[in-house]
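Encoded as structure tokens, the structure appears first; notes follow it.
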2 protein chains.
Amino acid sequence: MISHAVEDYLKAIYEIDEDFGEVTTSLLAVHLGVAPASVTGMVQKLARAKPRLVNYERHRGVTLTPAGRKVALEVIRHHRLIELYLAQALGYEWDRVDAEAEKLEHVISEEFEDKIAALLGHPVLDPHGDPIPTKDGTVAEPSRQALSSAQPGQTVRVTRVRDDDPAFLRYLAELGVTLNAVLVVADRAPFEGPLHIVIGERAHALGQSVTDRIFVEIEPAAAQGGAA
Amino acid sequence: MISHAVEDYLKAIYEIDEDFGEVTTSLLAVHLGVAPASVTGMVQKLARAKPRLVNYERHRGVTLTPAGRKVALEVIRHHRLIELYLAQALGYEWDRVDAEAEKLEHVISEEFEDKIAALLGHPVLDPHGDPIPTKDGTVAEPSRQALSSAQPGQTVRVTRVRDDDPAFLRYLAELGVTLNAVLVVADRAPFEGPLHIVIGERAHALGQSVTDRIFVEIEPAAAQGGAA
DNA sequence: GTAAAAATTTAGGCTCGACTAAATTATCCA
DNA sequence: TGGATAATTTAGTCGAGCCTAAATTTTTAC
Ligand SMILES: [Mn+2]
Ligand SMILES: [Mn+2]
Ligand SMILES: [Mn+2]
Ligand SMILES: [Mn+2]
């Protein structure tokens, strides 16, 4: 039986690997809100487990084994399906779903998972644009092009946003930056200055720490621009 | 912070008190699937907690304090709301809801509780006819008249069934004994023999261990009886 | 009223997952 | 390239919640 703690470790390893390419003790400690020494202990246990769940060498970081990855993807599937269910079926705001899903992901049954997946029409993306792993363990690539890398003049569509900070998500909602929102990159101030964007009728200047956490797809050259 | 284990103990104490009038170490042990010695240990801890959650004297059993009762009713509200939500919103069978609710009851937020309560129209009974405690901690009396105590000739309406045994619940469903089903008590065989009942067009003979776990309300004298 | 049986509690121990403090190893930088 | 700094691991503890075996208390039955 795999504990909630182990599930959260494996999920965290998967996610950190996606974001940073390497998974260190201290990144895990920060991500999980736990002391570094606790991470070392747990990671050693995961490496000793049968079947082995991670590969681990002292001071060299951690990677998931196929068995560990399978568990991680199951938990992530739960998490993202639940997030979407809360948003669609229960009317949750997109900044409130993560905390709830963080707990529910560990306790729902296969039946619950299947029922909400069917009810949602076997969705592919969660409310923040993250891909939902399939039941057989495949995942689409998450959208990776940051808004901060878009060029002035480009029209882009929001495909994903970082979902870890509720205040950030509320700020985006206020701005009108929701999933699939289309926006025009107006201008970039020099020296890492703010990026000016236009959403619908409204213009905003966004700092880099914001535009780094919004991911977009460039829209094929469009002929529009309704500045009031 | 109150742990899942403590929540389950307090809930069990409440439920055993409802069913037996007294709560002993061994009843708790059976109900929770735990060794008697474990119950003693936990009960001592609950009695030492601040605020005190149970009253306890060695060898004399256990009762809930107001603080303990409050927690128990919150957990039971969660449990029964979740059961009903699973049945109504997700199409669960009534024999599958208990196991799922047993885990979910400990992790849902107030927001989740409020959302499903609103969505269900602030229901008063769970899928098995058990009363759902209100948010402010009041509960209706559960229906207590066992079908086994009904008299031949009486027409009764099913108001509650014991929900702890999935096989029993499936059997009832097969029989047509669902909540609010109306049935006629045809005859009682002597010496605690089976009770003959008629539901719609079908007649069944039910053993005492079945009729003890079905609760009914006597219907005002009705003029019917369609024996095929 | 007492002895056997049943229920309960005590004593001691285990696993899990966290912690702090101290030791060790890796990295960086002058 | 060595020494400071940062990252990581080791060592030792702790509380929660369970267990078994043994002791104790209560209940039952003669
Ligand atoms: Mn989690
Ligand atoms: Mn998400
Ligand atoms: Mn429970
Ligand atoms: Mn129920």
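Protein chains get the first letters and strands the later ones, always in sequence-line order, with residue 1 at the start of each.
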- So NZ of B:Lys115 and CG of B:Leu81: to nearest 0.5 Å the spacing works out to 14.5 Å
- May I ask you to say whether B:Glu102 pairs ionically with B:Lys11, meaning some side-chain N is under 4.0 Å from a carboxylate O? yes
- Find the distance between CG (B:Leu120) and CD1 (B:Ile132) and round it off to the nearest 0.5 Å. 7.5 Å
Polar-atom pairs under 3.5 Å, protein N or O versus N or O of nucleotides 13-22 of chain C: list them with distances, or write none.
{"from": "C:dG17", "atom 1": "OP1", "to": "A:Ser3", "atom 2": "OG", "distance (Å)": "2.3"}
{"from": "C:dG17", "atom 1": "OP2", "to": "A:Lys45", "atom 2": "NZ", "distance (Å)": "2.4"}
{"from": "C:dA18", "atom 1": "OP2", "to": "A:Tyr9", "atom 2": "OH", "distance (Å)": "3.3"}
{"from": "C:dC19", "atom 1": "OP2", "to": "A:Ala35", "atom 2": "N", "distance (Å)": "2.8"}
{"from": "C:dC19", "atom 1": "OP2", "to": "A:Ser38", "atom 2": "OG", "distance (Å)": "2.5"}

- For B:His4, check ring pair (Phe, Tyr, Trp, His ring centres under 6.0 Å) against everything at least two apart and list the hits. B:His106
- side chain to side chain donor-acceptor pair (under 3.5 Å) involving A:Ser3 - partner list, sequence neighbours excluded: none
- Task: Round to a whole Å and report the spacing from CZ of A:Phe20 to P of D:dA7.
- Result: 13 Å
- Between OH of A:Tyr56 and C1' of C:dT25 the distance, given in whole Å, is 11 Å
- Item | End-to-end axis angle, where each axis spans five pairs of the helix from C:dG1-D:dC30 to C:dA30-D:dT1, to 10° | 0°
- Query: Just wondering, are more than 12 heavy atoms of other shown residues or ligands nearer than 6.0 Å to CZ in A:Arg60?
  - Reply: no
- Item | B:Leu32 CG - C:dT8 C1' separation (whole Å) | 16 Å
- Can you sort out which residues in residues 21-28 of chain A have a heavy atom within less than 4.0 Å of DNA chain C? Ascending by number, please. none
- Nucleotide D:dT8, atom C1' - distance to CD of A:Gln44 in whole Å: 10 Å
Give each protein N/O atom lying under 3.5 Å from an N/O atom of nucleotides 24-28 of chain D, with the pair distance.
none

- Message: Using only atom types and a distance under 3.5 Å, with no angle test, would you say the side chain of A:Glu100 pairs donor to acceptor with the backbone of B:Ser109?
- Response: yes
- Query: Once you round it to whole Å, what is the distance between C1' of D:dA16 and NE2 of B:His106?
  - Reply: 15 Å
- Task: Can you establish whether the number of heavy atoms outside B:Glu57 located under 6.0 Å from its atom CD is more than 12?
- Result: no
